[in-house]
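Only one structure is covered here, and it is reproduced in the block below.
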Amino acid sequence: MLRKNKNNPIILSTWNFGLPANEVAIKALSDGGNAMDAAEAGARHAESDEENNSVGYGGLPDENGNVTLDACVMDSNGNSGSVAFIQNIKHPVSVARKVMEETKHVMLVGEGARKFAVSKGFKEIDLLTAKSKKEWKKWLKERREMTPHETHDTISVLVQDKNGDLAGACTTSGWAYKMHGRVGDSPIIGAGLFVDNEVGSAAATGLGEEVIKTTGSFLVVELMRQGYSPNEACSEALNRVIKAHNGNPDFQIGYIALRKDGKAGAACLKWSFDYALAKNGVNKLHNVNGML
Ligand code: GLY
């Protein structure tokens, strides 16, 4: 039985925009916040960054020019909250946390999610920046199919606080120029994110449809429960995808995993994938090569 890592907080997040998100999460912990506070704070940072075109404000819109956002959170007690297809709200991750803490539900979508957010004091704003609008107008001329990999994708933030407790958050604007109404893996507990305080946590980035079909993040955590290391668990979850696509998937999925003893890992299907790990006072970007 592995011991819980204590007094040594760890933050693990996806992509290079995970680095500044980790810094914000570290500050939240040093200000006395717990793992959930830190994961939310890190995710909010990416949601605010208008240069990031796959998360929150400045995210690329759907095919009709609407920015629609997905997010979820999960805490160390197994509580979770989620919003999907929410529009005009800058911080869906915080709305997801409100769903978790202030409703009897887990998931709110679309108009219901937006109205709930407004009732909780969230301001409505136009999420389509001039830059994203220009990109969308350019795309409209050819309507070429994009994948999440081309537009970078989800930020997922996994945190272990000084008590050894785990929590996570993920948030995205999803697949650029998707069909109106499309929802990916990021707001789906067990697909985009899963946390089990007794075992570990995992989160996904990449083509949400394929993550959903394999219940990816839940699978990674269950594999760690069976004794797989975080790296092995991420790779084995991706093996299921590779098998389902006859050994030749033409899209990207990346997983990050944080085991309760503080061991972190990651894997991706193709090309390469960056993740940011903050541990022992060092916040650094790491790169993993694709399995194929
Ligand atoms: N992984 C993000 C999405 O597919 O929406």
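Nothing fancy with the numbering, it's 1 onward along the sequence. Both ligands and their constituent atoms are indexed starting at 1 by order of listing.
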Subset of ligand 1 atoms that lie under 4.0 Å from at least one heavy atom of [X]:
| X | value |
| --- | --- |
| Gly184 | 5 (O) |
| Thr154 | 1 (N), 2 (C) |
| Gly174 | 5 (O) |
| Ser186 | 1 (N), 2 (C) |

Check: Would you call Arg182 a ligand 1 contact, heavy-atom distance under 4.0 Å?
Finding: yes
State, without any angle test, whether [X] and [Y] hold a side-chain donor-acceptor pair at a distance under 3.5 Å.
| X | Y | value |
| --- | --- | --- |
| Asn22 | Ser13 | yes |
| Ser54 | Asn52 | yes |
| Asn5 | Gln160 | yes |
| Glu40 | His91 | no |
| Asn53 | Glu135 | no |

Margin query: For the 3.5 Å polar cut-off, considering only N or O atoms, please tell me whether Glu209 and ligand 1 meet it.
Written below: no
Next item on the list: State whether the shortest distance between N or O atoms of Gly208 and N or O atoms of ligand 1 falls below 3.5 angstrom.
Entry: yes
Item checked: Within 6.0 angstrom of Lys133 NZ, more than 12 heavy atoms from elsewhere -> no
Checklist line | Residues, nucleotides or ligands: over 12 heavy atoms within 6.0 Å of Glu145 CD | finding: no
Check: Who's closest to atom 3 (C) of ligand 1 heavy-atom-wise, of Asp185, Thr172, Ile188, Val183?
Finding: Asp185
Checklist line | Option set Pro187, Ala203, Gly206, criterion heavy-atom distance to atom 1 (N) of ligand 1, minimum | finding: Gly206
Next item on the list: Check each heavy atom of Val211 against ligand 1 and say whether those closer than 4.0 Å belong to the side chain, the backbone, both or neither.
Entry: neither
